[in-house]
Amino acid sequence: MRLFQNASYDFLGWRRRAYVISALAIAVLTAGALYFQLARGSWLNYGVDFLGGILVQVQIDRPTDVNEVRSVVNGVLAGVEVSRFGAEDEFLMRAPALESGTEVAEQIVAALGEHYGSEQVTMGRTETVTAKVGSELQTRALLALFVSFLATLIYLAFRFEWRFGVAALIATIHDVILTLLLISVLRLEVSLPTVAAVLTIVGYSLNDTIVIFDRIRENRKASGRRSTPIELINRSVNDTLARTVITGGSTLLALLSLFVLGGEVIREFALILILGIVLGTYSSIFIAAAALFEIEERAGEAQSHRRRSKESARAAV
């Protein structure tokens, strides 16, 4: 049985509601991001990859909790973030940028060894990133996003028309803005995997949008001028609705499995992708198609105005 075989939803009729929902979401999340900017000095929770510093993984072979470990570590080094890492006895510590990462790791292990017993504490991996490298990574991450937008616009301009490219770019920017704001409000750590997740979301959202745009182009050729723009775009979105739901649903199932069973290492990465897939599906249906309609409406009005102006000038002559 084919899913949504006779779907005939009026998606463009709901476009103004979608505008309101997106505007409210951006406004609320922006307020949350501004709060963190004022309260903590940064609206994003940058990790060691971007700020520089030392990351230490420690295993403690006795029952304890995160709060106790945090209290012990911050007693000797201020500003160290402690979180559980995978197993119950493993912890991950992120210290701010200091001159000697080796000394920081040794101080952390020494403090834990004094509290729990040196034979109970084992230091695992350590990673050190200088502030200079962190700054370069931030610049390259922003450059990667900009290049992805530019390449998208060029590709769609060649494959379709400039109107399709602008509409797809609007939907993609909508997804990236909401994803970054959600990352800020949920205080998810911004690291290199986070950048990879955002770029993956860009690609997924664009793929979904291109499928819809390709169907719009096919239906336009088949119907000629017999269909109004609203009818044409609604029919095209409904034609691809089954594919959109099945693709998005299967992707979400895989990501939910990673989120639940993948452990602490991959949980935030999976969560960002889950949020992005939901946003990408929503924007492909309600934002990209609506933006294309608005652009074509204004382009048609401008063309009609130019035509009337030419006719008036010809009549005056």
Side-chain angles (χ1 to χ4, degrees), residues 36 40 42 44-131 133-134 137-138 141 179 182-198 200 252-276:
F36 287 114
R40 303 193 180 184
S42 176
L44 287 174
N45 179 28
Y46 289 108
V48 174
D49 290 337
F50 292 98
L51 288 181
I54 177 72
L55 184 148
V56 184
Q57 181 181 344
V58 175
Q59 181 176 354
I60 302 175
D61 297 326
R62 57 172 285 185
T64 186
D65 58 26
V66 174
N67 292 328
E68 183 180 349
V69 174
R70 186 180 295 114
S71 176
V72 172
V73 174
N74 281 280
V76 293
L77 284 172
V80 178
E81 296 181 5
V82 181
S83 59
R84 198 176 294 278
F85 184 80
E88 290 292 321
D89 59 349
E90 292 186 0
F91 298 87
L92 197 65
M93 293 143 199
R94 297 174 177 84
L98 298 171
E99 292 184 0
S100 176
T102 304
E103 290 183 6
V104 172
E106 290 175 352
Q107 289 180 37
I108 290 174
V109 173
L112 293 172
E114 184 178 346
H115 183 80
Y116 294 105
S118 57
E119 69 281 355
Q120 303 292 328
V121 179
T122 305
M123 183 171 67
R125 66 187 175 101
T126 61
E127 296 179 8
T128 304
V129 180
T130 65
V133 172
L137 288 174
Q138 288 187 45
T179 301
L182 284 168
I183 290 172
S184 172
V185 171
L186 296 176
R187 302 311 291 167
L188 302 179
E189 183 181 289
V190 178
S191 59
L192 291 180
T194 306
V195 177
V198 173
T200 303
L252 283 176
L253 286 176
L255 290 173
L256 285 171
S257 300
L258 285 176
F259 180 76
V260 175
L261 304 173
E264 194 69 28
V265 180
I266 204 169
R267 184 161 294 152
E268 289 193 359
F269 177 79
L271 177 59
I272 294 169
L273 284 177
I274 289 170
L275 296 172

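Nothing here was measured: the structure is a model prediction, and the numbers come from that model.
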Heavy-atom pair with the smallest gap, counting every atom of [X] and [Y]:
X      : Y      : answer
Glu68  : Asp65  : N-OD1, 2.8 Å
Ala197 : Ile272 : CB-CG2, 3.8 Å
Gly276 : Thr179 : CA-OG1, 4.4 Å
Arg267 : Phe259 : NE-O, 3.0 Å
Val66  : Phe91  : CG2-CE2, 3.9 Å

How far does [atom1] of [X] sit from [atom2] of [Y], to the nearest 0.5 angstrom?
X      : Y      : atom1 : atom2 : answer
Ile274 : Leu255 : CD1   : CG    : 5.5 Å
Gln120 : Ile60  : CD    : CD1   : 9.5 Å
Leu261 : Leu256 : CG    : CG    : 10.0 Å
Ile54  : Met93  : CD1   : CE    : 12.0 Å
Gln57  : Ile108 : CD    : CD1   : 12.5 Å

Do Glu90 and Leu92 come within less than 4.5 Å of each other through their side chains, counting heavy atoms only?
->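 A side-chain contact under 4.5 Å is absent here.
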Contact check, side chains of Glu114 and Val72, non-hydrogen atoms, under 4.5 Å |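 The answer is no, as the side chains (C-beta and beyond) never meet within the 4.5 Å cut-off.
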side-chain contact (heavy atoms from CB on, under 4.5 Å) assessment of Leu258 paired with Phe269 = CA-CA 9 Å; Leu258 285 176; Phe269 177 79; 5.8 Å; no
Taking Thr200 for the side chain and Ala196 for the main chain, is one N or O donor matched with an acceptor at less than 3.5 Å?
->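 Yes; judged by distance alone, with no hydrogens or angles, the pair exists.
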Can you name the one residue among Thr194, Asn45, Leu44 that meets side chain to side chain contact (heavy atoms under 4.5 Å, CB included) with Glu189?
->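 With Glu189 as partner, Thr194, Asn45, Leu44 yield a single side chain to side chain contact (heavy atoms under 4.5 Å, CB included), made by Asn45.
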Check side-chain contact (heavy atoms from CB on, under 4.5 Å) between Leu275 and all other residues, then give those that pass, not counting sequence neighbours.
->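 Expected list: Leu182, Leu186, Leu271.
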